[in-house]
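We count residues from 1, following the sequence as given. Just so you know, these numbers use all the heavy atoms, side chains as well, and skip hydrogens, waters and symmetry mates.
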Amino acid sequence: MLPALSASPRSGVLTGWGNAWLAGLVGLDDVITQVHRALDGEAAPHTLGDEPLALGLGALRTAGAQRLRLVLPAPGDATGLPGPPGVNRDAITAGEAIIIIGPVPPLLLVPSVVVHGPALEGRLESVHWRVLPAASVPQPGAGLRAAEHELSDAIRTTTAALVHLDIASAHPEVLALLRDRGEEEPGPGLGPGHPSAAHALLARAERLSTLLDLAARDDGAAVTASEIARRSAALRGLSAAVRRAYEAAYDAFDPSCATVPPPH
């Protein structure tokens with residue numbers, strides 16, 4: 001079973017717009033609006049620590065927060081997590097986290113979603129961001145170019161595996177998404193201050209997250225245990241490359257790339 005990856009993970013949206021806010025490119029209200037939209041377009045309540053999200057972010061800034069970094073871990077892959085082990089386990093369970101760089105010691109934000117009300121009557125979700133002590137600040141990833149190269153390699157490998165297994169006969173839309181090099185705009189996650197290469201990489205990763213969602217629904221045309229294992233291995237490799245692409249895109253924040261005036 002592949003780990004779920006939203007097209008616009010809430011930790012990514014908070015990272016992208018939070019960095020723009022810390023750099024003075026947007027107002028705090030802009031951050032809150034974008035983070036709310038990341039949860040099914042609803043103005044879902046968010047808390048950070050013991051405070052509403054706006055107050056919690058202000059407290060982090062007062063504590064010395066200088067930059068946010070997205071981490072998208074998965075079971076068996078703790079790359080980019082800061083430790084200690086218990087904190088890493090919480091982040092892996094959530095599938096997403098944000099490293100707060102600046103305070104000493106550094107901090108990690110880990111979201112948990114609380115569902116309110118019966119599913120048949122419509123659900124209201126709220127998000128609580130836990131503030132956990134981190135052991136260190138890991139070295140940043142290899143960057144946009146390396147992430148793009150890794151993603152391209154994973155696409156080639158996955159395409160070859162699915163064609164060999166005749167997955168196209170079951171889900172032609174999966175191969176169509178693999179081969180699509182369209183230039184759609186990415187979702188709302190990247191706020192002002194990201195280069196065009198980051199936007200392009202994120203748009204590609206978002207299309208592939210849709211593919212992974214489709215592929216996770218069944219075993220495609222794979223029949224034997226060996227075929228299912230090979231298909232799963234190929235998709236896990238692609239999932240890891242997509243997560244690295246998300247991380248690289250959000251971590252490419254550079255205030256000099258901003259094209260909007262700072263708030264007054």
Can I32 and L57 be said to form a side-chain contact (heavy atoms from CB on, under 4.5 Å), step by step?
CA-CA 10 Å; I32 304 305; L57 288 173; 4.2 Å; yes

So which heavy atom on [X] is nearest to which on [Y], and how close?
{"X": "A249", "Y": "L201", "result": "N-CD2, 4.4 Å"}
{"X": "P195", "Y": "A252", "result": "CD-O, 3.3 Å"}
{"X": "A147", "Y": "A245", "result": "CB-CA, 4.1 Å"}
{"X": "L28", "Y": "A54", "result": "CD2-O, 3.7 Å"}
{"X": "A23", "Y": "F253", "result": "CB-CZ, 3.7 Å"}
{"X": "C257", "Y": "G193", "result": "CB-C, 4.0 Å"}

Does a side chain donor of either H128 or T47 reach within less than 3.5 Å of an acceptor in the other side chain?
yes

Under the criterion side-chain contact (heavy atoms from CB on, under 4.5 Å), I'd like the reasoning laid out for Q66 against L22: C-alpha separation, chi angles, the key distance, then a yes or no.
CA-CA 7 Å; Q66 298 174 7; L22 288 172; 5.9 Å; no

Student check: side-chain heavy atoms of [X] and [Y] closer than 4.5 Å:
{"X": "L108", "Y": "I98", "value": "no"}
{"X": "I155", "Y": "R204", "value": "yes"}
{"X": "E96", "Y": "P111", "value": "yes"}
{"X": "S11", "Y": "Y250", "value": "no"}

What's the spacing between [X] [atom1] and [Y] [atom2] if we round to 0.5 Å?
{"X": "E150", "Y": "L238", "atom1": "CD", "atom2": "CG", "answer": "10.0 Å"}
{"X": "L68", "Y": "N19", "atom1": "CG", "atom2": "CG", "answer": "4.5 Å"}
{"X": "L151", "Y": "L208", "atom1": "CG", "atom2": "CG", "answer": "5.5 Å"}
{"X": "E247", "Y": "L144", "atom1": "CD", "atom2": "CG", "answer": "12.5 Å"}

Taking the side chain from S239 and the backbone from L235, do they hold a donor-acceptor pair closer than 3.5 Å?
no

Cluster question for you: counting only ILVMFWY and a side-chain heavy-atom cut-off of under 4.5 Å, with indirect links fine, are [X] and [Y] together?
{"X": "V131", "Y": "W21", "value": "yes"}
{"X": "V137", "Y": "L132", "value": "yes"}
{"X": "L107", "Y": "V127", "value": "yes"}
{"X": "L48", "Y": "V26", "value": "yes"}
{"X": "L55", "Y": "W17", "value": "no"}

Expected list for residues 80-95: side-chain donor-acceptor pairs under 3.5 angstrom, two or more places apart:
from: N88; atom 1: OD1; to: G83; atom 2: N; distance (Å): 2.8
from: D90; atom 1: OD2; to: R130; atom 2: NH1; distance (Å): 3.3
from: T93; atom 1: OG1; to: R89; atom 2: O; distance (Å): 3.0

Does the cation-pi check pass for R10 over W129, that is, NZ or CZ under 6.0 Å from the six-membered ring centre and within 45° of its axis?
no

Which pairs would a plain distance check flag for residues 69-77, meaning a side-chain donor or acceptor within less than 3.5 Å of a matching protein atom at least two apart in sequence or in another chain?
from: R69; atom 1: NH1; to: P138; atom 2: O; distance (Å): 2.6
from: D77; atom 1: OD1; to: T79; atom 2: N; distance (Å): 3.1
from: D77; atom 1: OD1; to: T79; atom 2: OG1; distance (Å): 2.6
from: D77; atom 1: OD1; to: R244; atom 2: NH2; distance (Å): 3.0
from: D77; atom 1: OD2; to: R243; atom 2: NH1; distance (Å): 3.2
from: D77; atom 1: OD2; to: R243; atom 2: NH2; distance (Å): 3.3
from: D77; atom 1: OD2; to: R244; atom 2: NH2; distance (Å): 2.5

Test log, rule side-chain contact (heavy atoms from CB on, under 4.5 Å), inputs S209 and Y246
CA-CA 10 Å; S209 73; Y246 272 94; 3.5 Å; yes

Candidate pair I100 and L109, rule side-chain contact (heavy atoms from CB on, under 4.5 Å), full reasoning:
CA-CA 7 Å; I100 309 297; L109 299 185; 3.8 Å; yes

Are there more than 12 heavy atoms of other residues, nucleotides or ligands under 6.0 Å from atom CG of D29?
no

Mind checking salt bridge (Lys or Arg N to Asp or Glu O under 4.0 Å) for D254 and listing every partner two or more places apart, or none if nothing turns up?
none

